[in-house]
Amino acid sequence: MDLNQKRTRTVDRVDSVDPDLVSPESTPMCPFPDEVLEPVLSLINSHKDRSSVSLVCKDWYNAERWSRRHVFIGNCYSVSPEIVVGRFPKIRSVTLKGKPRFSDFNLVPEDWGADVYPWLSVLAKAYPFLEELRLKRMAVSDESLEFLAMNFPEFKALSLLSCDGFSTDGLKAIATHCRNLAELDIQENGIDDLGGDWLSCFPETLTTLQVLNFASLNSEVSFSDLEKLVTRCKSLRVLKVNRTINLDQLQKLLLRAPQLTELGTGTFTQDLVTRPVADLEATFGSCKNLLTISGLWDTNSLYLPVIYPACASLTFLNLSCAALRSFELAMLLIHCKSLRRLWVLDTVGDMGLEAVGSWCPLLEELRVFPADPFEQENVAGVTESGFVAVSRGCPKLHYVLYFCHQMTNAAVATVVQNCPGFTHFRLCIMNLGQPDYVTNEPMDEAFGAVVRTCPNLQRLAVSGLLTDLTFEYIGKYAKNLEILSVAFAGSSDLGLKYVLGGCPRLRKLEIRDCPFGNAALLSGLTKYESMRSLWMSACNLTMNGCRVLAKEMPRLNVEVMKDEDSEDSQAHKVYIYRTVAGPRRDAPPFVLTL
Amino acid sequence: MDLINFEATELRLGLPGSTDDQPEIKSTTSHKTNKRSSSEMVSSVSDEHDSSRSPPPTKAQVVGWPPVRSYRKNILQGKKNDQAETGSGIYIKVSMDGAPYLRKVDLKVYQSYGELMKGLQDMFKCIIGLYSEMEGYKSEYAPTYEDKDGDWMLVGDVPWDMFLTSCRRLRIMKSSEVIES
């Protein structure tokens, strides 16, 4: 498979549609022989398109399944590995997602599941020539990584995002045994970092690496081995090192790999430079292909300017590890006229965001993370005025993730008026139950404005003081909404009922700490089969309510996680998802499938 | 300070929807025996698995809120420290104007300013050659240090013990640059 092929956002997906229910017609209306159909279909990468193709008729179903090379499984429990390998005989690339998203915030107990090993053992028999594995929120052990390294001789690309359960020993196995490795992308995992010697396990014969990302690991690696690796891998295009790599070392690496398109630096400051800063600047200038820069830990006004020569062509700048102040960001952004995506910490303040609005007219995505998320007093950060400033200067903005301590309905309404093309709107007012701080009203009208003004809205996260009215708006207007995150909001069952009664395209719904009860849950009975999953924790659900749902909808898994402190009749954490694989066989004792 | 709408999370036996329409935002100290309290509200983080979080100040924190991934919480805290206190010593960085390298000294090894000065003298002599007597700071160099508040102070004004706890790094400046304030 050509790894340089641009990966589109929509990829193949296993439909949980029972194949026997597909219309088995094989009529003269489908005159294309397989020899024609399969090559044509092999050009189709979008999973939605492939699903549609597979539903046309049995011939097309078969042609599609034989031509599919990449399978995307959004919920590892929605289907069994046996069913997957039974339907698709020629897969080269698998993407698997496991735990519910709230596990990122410690709401899912350890040992919940999503172990990749059972998948690997089935995949090894069916797809011995598997090349790529991309895992998100899966439980991955060192044994699994060793198994992977030893059983797939053509293996090329491993991406682990938000997984846990493994250590750097597992990485050693991958580095040692995967002779054709092109991609090793380790991000944000719960990894046991035992040391950096895994990097030295790459054999001297390995020259195929294109992507290496170990930015989230803490231990120091052998710099000379890293330098040798970078030198001999001439196709390396993505290199993201960890914080232990200093500026001098970074410079050496850049001189070896000027062809990089994505760079993650190490620590971007030092007490002593052995070469003057001008050298570093020239080195950055020689990297003509850089599109993305990240890392930049600890940087400041002294060192940040060395990246200016590379900024004109940057499309993505990830400053979420660099506590920049407003003027530092402003000075930097003057050089970044091509920027499409920007991630910053809220240390840049509203003034920093004004600079964003001034200098980045092509901006499409902005994420503002809190530097000090748990500080509740004396907080600076960003406010509604920074948000509005960005929207004024960046009309193409369609993705926002914004952490703040205060917001107003009027500001949000202004923002979406300036940028009606929002597809992803994730606003997190960090103080729970915070109303519009000017009018003291709930934030209902803010989100009402969002869903009314942005017809393409796919993803929404709400926050602040919200009544059922917010959900009435969402249910009524958010016709394209696919993902909704709700926390500490709503007044009654009506809130959830509105959403379940509207939002025809809803796929993922995650709710915590809301006053929604059984009646609301059961109002969505028929909807859940068209969704990937529903998570509800700390709401008003009871075991009886969940049992009723489970009984009415046998093709859903209704799982309740028992908590020691909750009463037996309460359903403290509920995870509901459609599946063709039946109840989980690997559920731990605290997970009850009803 | 406003914090959490406890009522929305309160476990009740009443019918759903019987909560107030406008939940109050005041933090309620009347907040009671909530059977689910240990999962949602923790006054210490020991219930949960994320041990990298620093303990909350005086207020209760809600698990998983704000929704920030654990690795992000440590970004600012992970900064390298100028002062690393091991079990056996207080190591701080020492820079000297004109010297290409920084050094580190263990302050615990010294009992007084005099001993510290002698130690520094020995340490830098080999780099810069002659190193004048420090007493009265009539020499070419003046020792300064950065204290806990980030201010640069002349060494010697505070009692030695106080200096030990407040010194974050040392800088031996050229006397000509020292501004008397």
Side-chain angles (χ1 to χ4, degrees), chain A residues 102 104-107 109-110 162 188 190 216 218 243 267 271-272 297-298 320-321 323 345 369-374 376-377 403 428 430-435 442 461 465 467 485 487-494 512-520 537-538 540 563-567 570 572, chain B residues 1-25 27 34-40 45 47-50 53-57 59 61-80 82 93 95 100-102:
Chain A
F102 278 172
D104 286 349
F105 316 124
N106 302 324
L107 289 182
E110 276 175 35
S162 216
E188 304 159 22
S216 58
N218 293 326
R243 202 174 189 170
T267 184
D271 293 319
L272 239 33
W297 279 284
D298 315 309
S320 62
C321 297
L345 285 176
F369 295 97
D372 221 339
F374 303 109
Q376 282 150 10
E377 288 165 19
F403 282 86
C428 182
M430 289 187 275
N431 301 347
L432 291 172
Q434 168 107 350
L465 178 63
T467 71
S485 303
F488 300 96
S491 334
S492 74
D493 274 0
L494 272 182
R512 63 167 293 186
D513 295 274
C514 296
F516 304 142
N518 296 334
S537 61
N540 285 345
D563 186 83
E564 275 148 26
D565 299 303
S566 61
E567 291 171 17
Q570 297 306 312
H572 178 58
Chain B
M1 185 190 152
D2 303 334
L3 185 60
I4 298 162
N5 178 8
F6 281 56
E7 282 164 14
T9 62
E10 185 188 0
L11 175 61
R12 307 156 131 261
L13 295 178
L15 291 172
S18 55
T19 53
D20 295 338
D21 273 346
Q22 293 288 347
E24 291 187 348
I25 307 130
S27 63
N34 180 338
K35 288 214 167 157
R36 282 182 290 143
S37 59
S38 68
S39 308
E40 269 77 38
V45 293
D47 283 350
E48 292 300 304
H49 313 288
D50 184 8
R53 256 195 278 157
S54 49
K59 305 181 204 272
Q61 276 190 356
V62 177
V63 169
W65 190 266
V68 172
R69 310 256 287 265
S70 352
Y71 78 97
R72 288 207 174 279
K73 296 168 196 164
N74 296 326
I75 282 169
L76 293 190
Q77 291 151 25
K79 286 177 93 126
K80 287 184 273 205
D82 290 325
K93 290 185 187 174
S95 61
Y101 308 106
L102 271 67

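In what follows, chains are A, B, ... by sequence order, proteins preceding strands, each numbered from 1. On a predicted model such as this, the values are computed, not experimentally measured, just so you know.
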Problem - Short side-chain to backbone donor-acceptor contact, B/Trp65 and A/Met430, under 3.5 Å - result: yes
Handout entry: A/Ser485 versus chain B, the contacting section by heavy-atom distance below 4.5 Å
Key = neither
Handout entry: Beyond-backbone contact of A/Phe488 with B/Val62, side-chain heavy atoms, under 4.5 angstrom
Key = yes
Practice task
Grab the two heavy atoms, one from B/Arg69 and one from A/Ser162, that are nearest each other, plus how far apart they are.
Solution key: NH2-OG, 3.2 Å
Exercise for the section: Find out whether B/Pro66 and A/Phe369 are in side-chain contact, i.e. whether some heavy atom of one side chain is under 4.5 Å from a heavy atom of the other. Expected result: no
Exercise for the section: Could you tell me which portion of A/Ala520 (side chain, backbone, both or neither) has an atom closer than 4.5 angstrom to a non-hydrogen atom of chain B? Expected result: neither
Practice task
Heavy atoms only: give me the nearest A/Asn106-B/Val63 pair and the separation to one decimal.
Solution key: O-CG1, 4.1 Å
Fill in the blank from the handout: Smallest heavy-atom separation, B/Pro67 atom then A/Phe403 atom, equals O-CZ, 3.5 Å
